[in-house]
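We're numbering straight along the sequence, starting at 1. In each ligand, atom 1 is the first atom listed, and ligand 1 is the first ligand listed.
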Amino acid sequence: MGRKKISIIGAGFVGATAAHWAAEKELGDVVLVDILEGIPQGKALDLFEASPVEGFDAKVVGTNGYEETKDSDVVIITSGVPRKPGMSREDLLEVNKKIIESVVAQVVEKSPKAMLILVTNPLDTMTYLAVKKSGFPKQRVIGMAGILDTARFKAFIALELDVSVEDIQTLLLGGHGDEMVPLPRYTTISGIPLSQLLPKERIDRLVDRTRKGGGEIVNLLKTGSAFYAPSAAAVQMTEAILKDKKRILPCCVYLDGEYGLKDICFGVPIKLGAAGVESIIELQLTEEERALVSKSAASVKKSIAELKL
Ligand SMILES: NC(=O)c1ccc[n+]([C@@H]2O[C@H](COP(=O)([O-])OP(=O)(O)OC[C@H]3O[C@@H](n4cnc5c(N)ncnc54)[C@H](O)[C@@H]3O)[C@@H](O)[C@H]2O)c1
C-alpha cells in the first residue's frame with residue numbers, strides 16, 4: 001500500500017505552509033506546484049531536507065507542471081492573489097477567476113478522482129467556480145473558510161477567558177466575508193455555554209473581531225494575508241478526508257436546498273470523511289440568526305453572479 005498523494009497548487013505563503021503541516025503530520029507525499037520557476041522546487045527541497053531533523057517520512061517535490069500531481073488523493077488549491085490593506089476579498093475575483101479556471105482544468109485532467117480543497121479568495125465564489133468547472137460531484141469540492149474563522153473565534157475566546165483553546169467548541173455559518181455568522185449560541189467551553197462565562201457586550205466584541213479577523217492580519221502584514229492558520233485549517237480538512245475521520249467541521253460546500261439555499265457554495269457544518277462531504281448538518285436557528293445567514297448568502301450570490309458563468 002503506497003502513501004497518499006497530496007498536491008498543493010500555489011507555493012506561496014499558504015501553499016508552502018500547508019506543505020509543511022501535511023508533511024510533518026505524515027499525511028502523505030506532497031507535490032508543490034507553482035508557475036514561478038524554482039520557487040516550488042526550492043521550497044519543496046528545503047522542506048524535505050528538514051525531514052531528517054524533524055523525523056517525518058514524506059517525499060516533497062516541487063514542479064511547474066502537473067505530471068507529478070497525477071492520481072493525487074487530495075488537491076489543495078491556493079494559487080491566486082491575496083489581499084492588500086484596503087482591499088476586500090471580492091476585489092480579487094477577476095484575477096483569481098482566471099487562475100482557478102486554468103488550474104482546475106489541469107488538476108482534473110491528471111487526478112479525476114481527487115478531492116479538491118479550495119483556499120483561494122473570494123472563497124465561496126472560487127469554490128463554486130471549481131464545482132462548475134471540475135464537473136466533480138459536489139461531495140468532492142470543498143472550500144476552506146469556516147475552520148479558520150472558528151479558529152479565530154476560539155483563539156479570541158481563549159485569550160479573553162484565559163483558558164485552553166482545546167476546550168472551546170463553536171460553529172459558524174455563512175460566506176467567508178465580513179458578513180460571516182459566528183454562532184455564540186452554539187459555543188461552549190468544556191460544555192459550559194459561553195453566555196454563562198461572558199456578558200453579551202464582550203461576546204459581541206469577539207464576534208466582531210472574528211468577522212474582521214482576516215483584515216486584522218492583512219493590516220498588520222501590509223504585503224499579504226494570513227497563512228499559518230489558513231494552511232493549518234486546509235490540512236485539518238485533508239487529514240479528515242485521508243483518515244476518514246468523519247469530523248464535523250464548518251466548510252464551504254455546494255448547497256441544493258439546505259438552509260433554504262440553492263445553487264450556491266456557502267459555509268455550513270458538514271461531516272467530512274473519505275467520501276468528502278458525507279452529510280450537511282442543518283442547525284436550528286433563531287429569527288435573528290436566520291436574517292444574518294440570509295444577508296451573508298445575498299452577498300455570496302452577488303459575487304457568484306459576477307463570475308458570469
Ligand atoms: N480561504 C481562506 O480563508 C484564505 C485564507 C488565507 C488566504 N487565502 C487566499 O489564498 C490565496 C493564496 O494566498 P497566499 O498568501 O498563499 O498568496 P501568495 O501570493 O503567497 O501565493 C500565491 C501563489 O500562487 C501562485 N500562482 C499564481 N497563479 C498561479 C497558477 N496559475 N498556477 C499555479 N500557481 C499560481 C503565485 O505564483 C504564488 O506563489 C489568496 O487568494 C488568498 O486570498 C484564503
Need the ligand 1 atom indices (1-based, order shown) with element for anything under 4.0 Å from a heavy-atom of [X].
X	result
N96	41 (O)
P230	5 (C), 6 (C)
V14	7 (C), 13 (O), 14 (P), 15 (O), 16 (O)
T78	11 (C), 12 (C)

Nitrogen or oxygen atoms of [X] and ligand 1 under 3.5 Å apart:
X	answer
L148	no
N121	yes
M144	yes
F13	yes

I want to confirm something. Looking only at heavy atoms, which of [options] is nearest to [atom]?
atom	options	answer
atom 44 (C) of ligand 1	V119, V103, L32	V119
atom 23 (C) of ligand 1	D34, T120, V81	D34
atom 32 (N) of ligand 1	L92, I35, V33	I35
atom 19 (O) of ligand 1	A16, G224, S225, P82	P82

Can you tell me which portion of [X] lies within the under-4.0 Å heavy-atom range of ligand 1? Options are side chain, backbone, both, or neither.
X	result
S79	both
I39	neither
A226	backbone

Could you identify the single nearest non-hydrogen protein atom to [atom] and state the distance to 0.1 Å?
atom	value
atom 22 (C) of ligand 1	G80 O, 3.2 Å
atom 31 (N) of ligand 1	I99 CG2, 3.7 Å
atom 3 (O) of ligand 1	H176 NE2, 2.9 Å
atom 21 (O) of ligand 1	G12 CA, 3.2 Å

- Item | Working for side chain to side chain contact (heavy atoms under 4.5 Å, CB included), residues I76 and M237 | CA-CA 10 Å; I76 304 175; M237 292 167 68; over 6 Å; no
If only atom types and distance count, is the side chain of [X] paired as donor or acceptor with the main-chain N or O of [Y] below 3.5 Å?
X	Y	answer
S111	K113	no
E278	K271	no
D91	S88	yes
T187	L183	yes
D46	G42	no

Could you tell me whether the side chains of [X] and [Y] share a donor-acceptor contact shorter than 3.5 Å?
X	Y	answer
T188	Q169	no
S303	T125	yes
T69	S7	no
N64	Q41	yes

- Task: Please name the residue in the list K301, K132, K138 that meets the salt bridge (Lys or Arg N to Asp or Glu O under 4.0 Å) test with D263.
- Result: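 Considering K301, K132, K138, a salt bridge (Lys or Arg N to Asp or Glu O under 4.0 Å) with D263 is found only for K132.
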- Using a cut-off of 6.0 Å, state whether more than 12 heavy atoms not belonging to K246 lie near its atom NZ.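 Enclosed: over 12 neighbouring heavy atoms sit under 6.0 Å from NZ of K246.
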